[in-house]
**Student:** 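One structure is given below, represented as structure tokens, and several questions about it will come after.
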Amino acid sequence: MQTLWPAPAGNPVDDDELERLYGYPDGLTRPWVQANFVSSADGAVTVDDQSEGLSHPADKRIFLLGRDLADVVLVGGGTVRAEGYRGVRTNTTRRARRDRLGLSPIPPIAVVTGSAGISPDSPLLTDTEVPPIIITTDAAAAERKRTLAAAGAEILVAGEQKVDLTAALATLASRGLRRVDCEGGPHLLAELIAEDLVDQLCLTVAPLLAGGGAGRIAIGRTSTAPRSMELASVLLEDGFTMLRYRKPGPPA
């Protein structure tokens, strides 16, 4: 992996430099949301309905780093089901990094699902070391919430008919979970953009044309106005371009 910008073009990028580039701001007093996505050169977010066909080892390296640096991983219920999500995996090196940064050994996964539509036998619950957090609504069926709680999930209600993301993130932040790593999907990203909650977008562009059929990285709710972002870094490996955009202004 090489730097295109801001360091001199061609500079190799080691783990320390990646951590510096992608690290969360110090002294956060509010939730700070980073979104991680990959798309094709023609804007497709999936190949055969999954993001795996667009990925690359360099992209996966940044994806895993995003988890290592976060207090919590945020993901939509549809992505959990489509991608077969399970609990965050780790190893000795990654645990050492989190310990050095003063973070918990493994970040929990927080799933946004207004209907509490996660199966209690999902790998998210059966193949994890840390209980997931299910962010749902008052309107979600009480039996579903009880079943998920009995299966080991923590239930966080934020909103009546629809998940209130601002309230949900504030609740997570009140528990010390301020560094938020959003891994999708497109509907969740659209909601975060509409609420002006995205502080950083990490976008890998794959050097392929997927053609018609697949959606964009943000689908659904529209914003009242485009959200301005500033280009913060550009990395390159094997034709895969890793872009990082940050919201202007102070982080906290």
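Just so you know, residue 1 is the first one in the sequence shown, and it goes up from there.
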**Student:** Less than 4.5 Å apart, side chain to side chain, heavy atoms only: is that true for Met1 and Met242?
**Tutor:**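 Yes, their side chains come closer than 4.5 Å.
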**Student:** Can you list every pair that meets side chain to side chain donor-acceptor pair (under 3.5 Å) and has a residue in residues 70-81, with sequence neighbours left out?
**Tutor:**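 Pairs touching residues 70-81 that pass the test: Asp71-Arg179.
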**Student:** What side chain to side chain donor-acceptor pair (under 3.5 Å) pairs are there with at least one residue in residues 144-160, not counting sequence neighbours?
**Tutor:**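 Sorted result for residues 144-160: Glu143-Arg146, Glu143-Thr147, Glu154-Arg175.
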**Student:** List in chain and number order the residues that pass side-chain contact (heavy atoms from CB on, under 4.5 Å) with Leu236, two or more places apart in sequence or in another chain; answer none if no residue qualifies.
**Tutor:** Leu4, Thr241
**Student:** Which residues pass the side-chain contact (heavy atoms from CB on, under 4.5 Å) test with Leu101, not counting sequence neighbours?
**Tutor:**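 With neighbours one apart ignored, the set is Glu19, Leu69, Arg97, Leu103.
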**Student:** Not counting sequence neighbours, which residues clear side-chain contact (heavy atoms from CB on, under 4.5 Å) with Ser40? List them please.
**Tutor:** Asp42, Ala44, Leu54, Leu208, Ala210
**Student:** Can you list, by chain and residue number, the hydrophobic cluster partners of Leu125 when the side-chain cut-off is 4.5 Å?
**Tutor:** Phe63, Leu64, Val73, Val75, Val80, Tyr85, Val88, Ile106, Ile109, Val111, Ile118, Leu124, Val130, Ile134, Leu148, Ile155, Val157
**Student:** Would the distance check show the side chain of Ser39 and the main-chain N or O of Val205 forming a donor-acceptor pair, the cut-off being under 3.5 Å?
**Tutor:**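 No.
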**Student:** So, do Arg98 and Ser104 sit near enough that their side-chain heavy atoms are less than 4.5 Å apart?
**Tutor:** yes
**Student:** Keeping Thr128 on the side-chain end and Pro131 on the backbone end, is there a donor-acceptor pair under 3.5 Å?
**Tutor:** no
**Student:** Side chains of Leu188 and Cys182: closer than 4.5 Å at any heavy-atom pair?
**Tutor:**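 Yes. Closest side-chain heavy atoms under 4.5 Å.
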**Student:** Please name the pair of heavy atoms, one in Gly23 and one in Arg246, separated by the smallest distance, quoted to 0.1 Å.
**Tutor:**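 Answer, listing the atom of Gly23 first, then Arg246: O-NH2, 3.1 Å.
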**Student:** Could you pull out the closest heavy-atom pair between Gly114 and Thr136, with the gap in Å?
**Tutor:**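 Scanning both residues, the minimum pair turns out to be O-OG1, 3.1 Å.
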**Student:** Please list, chain by chain and in numerical order, all residues satisfying ring-ring contact (aromatic ring centres under 6.0 Å, His included) with Tyr22, sequence neighbours excluded.
**Tutor:** none
**Student:** Ignoring hydrogens, what is the shortest heavy-atom contact between Tyr24 and Ala70? Give both atom names and the distance.
**Tutor:** OH-CB, 3.8 Å
**Student:** Residues in side-chain contact (heavy atoms from CB on, under 4.5 Å) with Thr166, at least two apart?
**Tutor:**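 Per chain and number, Thr166 pairs via side-chain contact (heavy atoms from CB on, under 4.5 Å) with Asp164, Glu195, Leu197.
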**Student:** Please report the closest heavy-atom contact between Leu209 and Ala41, naming both atoms and the distance.
**Tutor:** CD2-CB, 4.2 Å
**Student:** May I have all residue pairs that pass salt bridge (charged side-chain N to carboxylate O under 4.0 Å, His left out) and include part of residues 120-137, sequence neighbours excluded?
**Tutor:** Arg86-Asp127, Arg89-Asp127, Arg95-Glu129
**Student:** Please name all residues satisfying ring-ring contact (aromatic ring centres under 6.0 Å, His included) with His56, sequence neighbours left out, ordered by chain then number.
**Tutor:** Phe240
**Student:** What salt bridge (charged side-chain N to carboxylate O under 4.0 Å, His left out) pairs are there with at least one residue in residues 198-219, not counting sequence neighbours?
**Tutor:**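 As it turns out, the salt bridge (charged side-chain N to carboxylate O under 4.0 Å, His left out) pairs with a partner in residues 198-219, which skip direct neighbours, are Arg30-Asp199, Asp199-Lys247.
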**Student:** Determine the minimum heavy-atom distance between Gly66 and Gln34, stating which atoms define it.
**Tutor:** CA-NE2, 4.0 Å
**Student:** Determine which pairs satisfy salt bridge (charged side-chain N to carboxylate O under 4.0 Å, His left out) with at least one residue from residues 184-194, sequence neighbours left out, and list them in order.
**Tutor:**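 Counting only pairs at least two positions apart or across chains, the salt bridge (charged side-chain N to carboxylate O under 4.0 Å, His left out) contacts touching residues 184-194 are Lys162-Glu191, Glu191-Arg221.
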